[in-house]
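First the structure, in the form of structure tokens, and then the observations on it.
Count residues from 1 along the sequence.
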Amino acid sequence: MFVYRREDLPTDPVFPADLTELGYFVTDQDKIRKISDPTQEFQYKINRNCRWNDVQREAMNVVLTFPECIRKIVSARLRDLGLVNLHLPLRATTNEAHVPIMVSRNLSAASHIIVVFGEPIQDLGIWAYRSVGGDGIDAGSLVSFARAVLRQGQAHGNSGNGDSDGDGDGNAADMPNTALVLANTGQLVWHCASGQAITLVHWQNMPRPSAVDPPPGMSLRNRIPGHEYWQKHVNRVFEDILSARGRLVRPDARISVVGASEGGLGALRYLNKNWNSWRPFISAICLANPLQLARIEFGSNYENAASADPASFAAFVASRCRGYVLSDQPLGVPVEAMLDSGCNCYASGEALNSECIMPKAWRHALGWLNQAFADPGYGEARLEIMHFDGGEWDDAVEADGDEDGERS
């Protein structure tokens, strides 16, 4: 049998976590472009071997000691906007396994709290690295969103954000006293050597003895107590932060939930299970790429149950929850979702990548959240999407015209 010696195995690729050494720079429009060709965005595929491509991409994202790295830039900008780091579990020391989240300094005084649960594949404060590279660092991260929520400047003040469409309701000057909580559904693996929480993607792209070695194995030491996976993390954010009324948040504070993919699904499942205790405090829910199937989460007869019991969670989702989905329609147009999510769904302005939904739609979503918070009695009517071909549409219009003539 032919066996390779260790010294004969291909060496693992190494890329410096520095934009300049990787061949990129940040433009005046806050976008990442190639030094050799400023018209070109980040190039993922540089080798036929996926290991090279993945390690290079992680080098663009990883935060170690290089001030130019994306995560370092985003964290610094969020801190400049008034957000601070908080460790979960709350009693964990810096050297113990913990998950970092970010909260605004006005958390204990705000009457309105917006909590964001992102996708489990993303780092803290990041909507989508794809948007970071294409539309700008602020646009692909939560920096623009945080700036608008915390009234640090006008919502349209960011250049190169690629998400200028909005409905006008998200104007920073019209916002109530609002605080922000950024949960961290992605960085749930504890890396003992560096003493930090990282994503599973980061773990898989860490250095290996050779390019053909498997990822390093995990043990109990890599688990963060109470935050072993994204659903548990969502639960702990509600129970450790948002339920601490009179301590971390105001007793009368009302909460708006923003969830992306699994982050939104986790929030819905937690609230559905604990709705009796949370019903007075939840203002509205906004989901990007909603993953829930209503008949599974709320019961096969959820529509009748929602009508019969207006205080049920299914009724709340039907009237004060909305989803933004992939669609080639303009932002905000009512559309039919792939799944029966139990709430109205709208076009996000993004047609291809679900992770890019919120970078495109957050202004529209934020305006609606503010509207719902300002009017506790507000509720959306359930929309019915009907499809017509040309002939059916003409017949329907003609029939509608005949009925109007008879009524007159």
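For M338, the CE atom counts as loosely surrounded, since its 6.0 Å shell holds 12 or fewer non-hydrogen atoms of other residues, nucleotides or ligands. The number of heavy atoms from other shown groups lying within 6.0 Å of CZ (R223) does not exceed 12.
Taken from CG in D328 to CD in E350, the straight-line distance is 11.0 Å, to the nearest 0.5 Å. Of the inter-residue distances, the one linking S327 atom OG with L352 atom CG reads 11.0 Å to the nearest 0.5 angstrom. Taken to the nearest 0.5 Å, the CG atom of L83 stands 5.5 Å off from the CG atom of L78. Distance check, rounded to the nearest 0.5 Å: CG of N276 to CZ of F313 gives 12.0 Å.
Between the S75 side chain and the K72 main chain, no donor and acceptor come within less than 3.5 Å of each other. With W203 contributing its side chain and P216 its backbone, the two residues share a donor-acceptor pair below 3.5 Å. For the pair N222 (side chain) and S219 (backbone), a donor-acceptor distance under 3.5 Å is present. Formation of a donor-acceptor pair under 3.5 Å by the S348 side chain with backbone atoms of A361 is not found in this model. Counting only distance, with no hydrogens or angles, the side chain of N370 and the backbone of L366 share a donor-acceptor pair below 3.5 Å. The main-chain N or O of T185 is never found under 3.5 Å from a side-chain atom of W230 such that the two would form a donor-acceptor pair. Checking side-chain atoms of R236 against main-chain N and O of H227 turns up no donor-acceptor pair under 3.5 Å. With hydrogens and angles disregarded, a donor-acceptor distance shorter than 3.5 Å links the side chain of N184 to the backbone of P100. Side-chain N or O atoms of Q371 include none that pairs as donor or acceptor with a backbone N or O of F373 at under 3.5 Å. Distance alone, capped at 3.5 Å, places no donor-acceptor pair between the E380 side chain and the S319 backbone.
Because its NZ or CZ atom is both nearer than 6.0 Å to the ring centre of Y346 and within 45° of the ring axis, R322 counts as a cation-pi partner of that residue. Both the sub-6.0 Å distance and the 45° axial angle are satisfied by R245 relative to the ring of F281.
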request  = Please step through side-chain contact (heavy atoms from CB on, under 4.5 Å) for the pair L339 and Q292, ending with a clear verdict.
outcome  = CA-CA 7 Å; L339 302 176; Q292 74 275 8; over 6 Å; no

message = side chain to side chain donor-acceptor pair (under 3.5 Å), that's the test. Do N95 and T93 meet it? Break it down for me.
response = CA-CA 5 Å; N95 296 326; T93 66; 5.3 Å; no

ask   = F298 and L293: side-chain contact (heavy atoms from CB on, under 4.5 Å), yes or no, with the steps?
value = CA-CA 8 Å; F298 312 132; L293 189 59; over 6 Å; no

inquiry  = Test side chain to side chain donor-acceptor pair (under 3.5 Å) on Q231 and N235; report intermediate values, then the result.
reply    = CA-CA 6 Å; Q231 180 65 70; N235 298 350; 2.9 Å; yes

key: side-chain contact (heavy atoms from CB on, under 4.5 Å) between N353 and L326, worked out   = CA-CA 7 Å; N353 302 296; L326 293 174; 5.6 Å; no

query = After noting the C-alpha distance and the side-chain angles of D138 and S144, does the key distance pass the side chain to side chain donor-acceptor pair (under 3.5 Å) rule?
reply = CA-CA 5 Å; D138 283 7; S144 292; 4.6 Å; no

task = With side chain to side chain donor-acceptor pair (under 3.5 Å) as the test, would you mind laying out the steps for S194 and Q196 before giving the verdict?
result = CA-CA 6 Å; S194 62; Q196 63 180 345; 3.3 Å; yes

query = Given R382 and N344, is the side-chain contact (heavy atoms from CB on, under 4.5 Å) satisfied, shown in steps?
reply = CA-CA 6 Å; R382 185 68 188 271; N344 291 336; 3.6 Å; yes

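Taking the six-membered ring for Trp and the full ring otherwise, the centers of W275 and F316 sit less than 6.0 Å from each other. Aromatic ring centres of H364 and Y324 lie closer together than 6.0 Å. Ring centroids of Y270 and F117 are separated by 6.0 Å or more, keeping the two rings apart.
Listed here is the closest heavy atom pair of H98 and T94: CE1-O, 3.3 Å. Taking each heavy atom of L150 and T178 in turn, the nearest pair found is CD2-O, 3.7 Å. Residues Q122 and T199 approach most closely at O-CG2, 3.9 Å, considering heavy atoms. Nearest heavy-atom pair across P290 and V325 is CD-CG1, 3.8 Å. The two residues A110 and N177 make their nearest non-hydrogen contact at CA-ND2, 3.3 Å. Of all the heavy atoms in C345 and S341, the pair that sits closest is SG-OG, 3.5 Å.
In this structure the side chain of P376 reaches within 4.5 angstrom of the side chain of R254, judged on heavy atoms. Taking the side chain as every heavy atom from C-beta outward, I126 and V74 approach each other to under 4.5 Å. Residues W362 and V258 have side chains not in contact (no heavy-atom distance under 4.5 Å, counting atoms from C-beta outward). A 4.5 Å side-chain heavy-atom check between V234 and R269 finds every atom pair outside the cut-off. Looking only at side-chain heavy atoms (C-beta outward), L188 and I198 stay at 4.5 Å or farther from each other. Between R79 and N85, the closest side-chain pair of non-hydrogen atoms falls below 4.5 Å. Side-chain contact between V181 and M102: absent, with no pair of heavy atoms (C-beta onward) separated by less than 4.5 Å. When side chains are defined from C-beta on, V249 does not count as touching I255, because their heavy atoms never get closer than 4.5 Å.
In this structure, a donor-acceptor pair under 3.5 Å is present between the side chains of D123 and Q187. With no hydrogens or angles considered, no side-chain donor-acceptor pair links S283 and H112 at under 3.5 Å.
Using a cut-off of 4.0 Å between Lys/Arg side-chain N and Asp/Glu carboxylate O, D340 and R295 are scored as not salt-bridged.
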